[in-house]
Amino acid sequence: MGLIVQKFGGSSVANAERVMNVARIVTETYHSGNDVVVVVSAQGDTTDDLIAKAAEINPKASKREMDMLLTAGEQMSISLLAMAIESLGYPVISLLGWQAGFNTNSAYGMARIKSIKTDRLRAELDKRNIVVVAGFQGLNKYDDLTTLGRGGSDTSAVAIASALHADRCQIFTDVEGVYTADPRKVPGARKLKEITYDEMLELATLGAQVLNNRSVEMAKKYNVEIEVLSSLKRVPGTIVKEVANVEKMLVRGVTKDTDVARISVVGVPDVPGIAFKLFAKLAAKGVNVDIILQSVGRDGTKDITFTVSEGNGPLAVELVKEVVDLPDEKIVCDTQVAKISVVGAGMETHPGTASKMFEALYEINVNIQMIATSEIKISVLIDEKDADRAVTAVHNKFLPEE
Ligand code: ADP
Ligand code: ASP
Ligand code: MG
């Protein structure tokens, strides 16, 4: 008995049958005596389809208008789910993000939640309604609709769980939990019973899309325990929490991120201040830089290579051109790259992890373009076409099938 937040992703509500399936899960939870707040994403590929529709008309549409469009996806799914719950004979009300009190900043397309005014949510729960809330959206101080970034419904759910001090926050998806690698791509991937916020945050940031990284950041900050589980198969999922009872594994997971562009700047003058000017310029324009590599100077010049998200590639090239005076062919943007990472808190005290990863790649003849390490992760940049077999090879090296 308590207050339970249940979030269902796009694949869990993709069609009428799936919507009815979700309605059954929700009403069973309610029927056992719980208050239930449900957060839903847009159905199936709706968000991608809306983005494609916009691109047909204006590929450079303003972010404000994009948010106006994309919020429509979740408006459809909340009303359909509410209708399904009605049909089962339960009291229900659907609410858009703003009706549920979501206040965000004005960063259209990537807004951050500033606060949740919970009066309406509480009033509806007091009336014993099941409350179905549109994920991924809020309202800014200009009363304009905003979205929280792709995968943002996870964050909406964690935010509501925190604001209402819910007893449980369940994220239902199309796999059974968090695995040691994408279970759709790596046959030997194992489901984890528990995982810490820190490791989950690394996995999510490095490409494991099962949870949005901001949702994990928020869960850690407000100490919201998350359960990731399947909406299609009723089996225990994965618990994400502060101190997890984890198996002694060196590596917790292997990830792939293909949303990466590599910018190479060849032959910049080997003098002090170049790196500063370059990266200050990128930072000023909000371009996040990930891995950076600088070659040793030779004959008065050096090369600087770095990675950014794919969407920022063209802008990064423009900005580099403003700082260094080089012909176009010396500033190259390559988007056919992928970042493969191994994550695990155990690596901190265990030498040899990097070499083991490199060995796995050598064995399948995959060339490493760049390397970056931190206490709990090692990332390499490789050719995108090698990405899937590289993840499998690295996964099998550290987590061989039992
Ligand atoms: P939803 O629509 O429910 O939000 P997502 O597509 O955003 O679902 O996330 C679930 C998908 O994440 C899975 O279908 C799976 O292919 C992928 N995935 C990637 N890495 C992992 C991982 N380590 N564990 C589980 N799933 C993963
Ligand atoms: N519908 C949004 C997206 O596709 C939000 C989400 O799924 O969490 O990114
Ligand atoms: Mg998702």
Side-chain angles (χ1 to χ4, degrees), residues 6-15 18 21-22 25 39-52 66-67 69-78 97 102 109-111 133-138 146-159 170-193 195 199-216 226-233 237-238 240 251-259 340-344 387-388 391-392 394-395 399:
Q6 300 187 314
K7 179 258 168 178
F8 296 88
S11 48
S12 298
V13 291
N15 52 39
R18 295 263 173 107
N21 171 58
V22 168
I25 297 175
V39 175
V40 271
S41 304
Q43 291 184 288
D45 296 328
T46 302
T47 307
D48 290 328
D49 295 345
L50 290 173
I51 291 171
M66 284 306 293
D67 278 3
L69 178 67
L70 297 190
T71 48
E74 272 69 13
Q75 177 159 1
M76 283 175 64
S77 52
I78 54 166
F102 274 80
M110 203 55 190
V133 179
F136 177 57
Q137 55 174 257
T146 54
T147 65
L148 309 179
R150 297 306 304 270
S153 297
D154 296 336
T155 313
S156 309
V158 172
Q170 298 181 310
I171 308 272
F172 288 85
T173 182
D174 58 354
V175 290
E176 286 174 34
V178 180
Y179 284 70
T180 50
D182 186 340
R184 296 186 186 286
K185 298 275 167 59
V186 180
R190 284 180 231 158
K191 183 164 71 179
L192 300 164
K193 279 198 181 68
I195 184 168
E199 286 182 315
M200 189 64 234
L201 188 56
E202 287 287 346
L203 287 181
T205 305
L206 294 168
Q209 101 230 45
V210 62
L211 279 181
N212 173 283
N213 60 348
R214 278 191 180 173
S215 74
V216 184
I226 302 176
E227 184 181 2
V228 181
L229 70 174
S230 166
S231 63
L232 302 168
K233 206 166 154 196
T238 303
V240 188
V251 162
R252 189 74 56 221
V254 184
T255 59
K256 169 184 91 170
D257 185 358
T258 53
D259 181 19
I340 308 298
S341 310
V342 293
V343 173
D388 284 335
V391 173
T392 303
V394 171
H395 183 270
L399 299 153

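We count ligands from 1, going down the list as the structure has it; atoms in each ligand are counted the same way. Just so it is clear, the values below take in all heavy atoms, side chains as well, and ignore hydrogens, waters and symmetry mates.
- Residues Thr238 and Lys191 form a side-chain contact, since some pair of their non-hydrogen atoms from C-beta on lies under 4.5 Å apart.
- Atom CG of Leu148 sits about 11.5 Å away from atom CG of Leu70, to the nearest 0.5 Å.
- Between Thr146 atom OG1 and Met110 atom CE the span is 12.0 Å, to the nearest 0.5 Å.
- A distance limit of 4.0 angstrom between heavy atoms and ligand 2 selects the residues Ser41, Ala42, Thr47, Glu74, Phe136, Arg150, Gly151, Gly152, Ser153.
- Each of Ser153, Ser12, Ser156 was checked for a side-chain hydrogen bond (donor to acceptor under 3.5 Å, both in side chains) with Ser41, and the lone residue meeting it is Ser153.
- The OG1 atom of Thr147 sits 10.0 Å away from atom CG of Leu69, with the distance rounded to the nearest 0.5 Å.
- Sorted by chain then number, the residues whose non-hydrogen atoms approach ligand 1 to under 4.0 Å are Lys7, Gly9, Gly10, Ser11, Phe172, Thr173, Asp174, Val175, Gly177, Val178, Tyr179, Ala181, Asp182, Pro183, Arg184, Ala208, Gln209, Val210.
- Just one residue in the list Asp259, Asp48, Asn212 forms a side-chain hydrogen bond (donor to acceptor under 3.5 Å, both in side chains) with Arg150, and that residue is Asp48.
- Under the 4.5 Å side-chain criterion, counting only non-hydrogen atoms from C-beta, Val22 is not in contact with Phe172.
- Between Arg184 and Asp388, none of the side-chain N atoms (NZ, or NE/NH1/NH2) sits under 4.0 Å from a carboxylate O, so this pair counts as no salt bridge.
- Counting heavy atoms from C-beta outward, Ile171 and Leu211 have side chains that approach closer than 4.5 Å.
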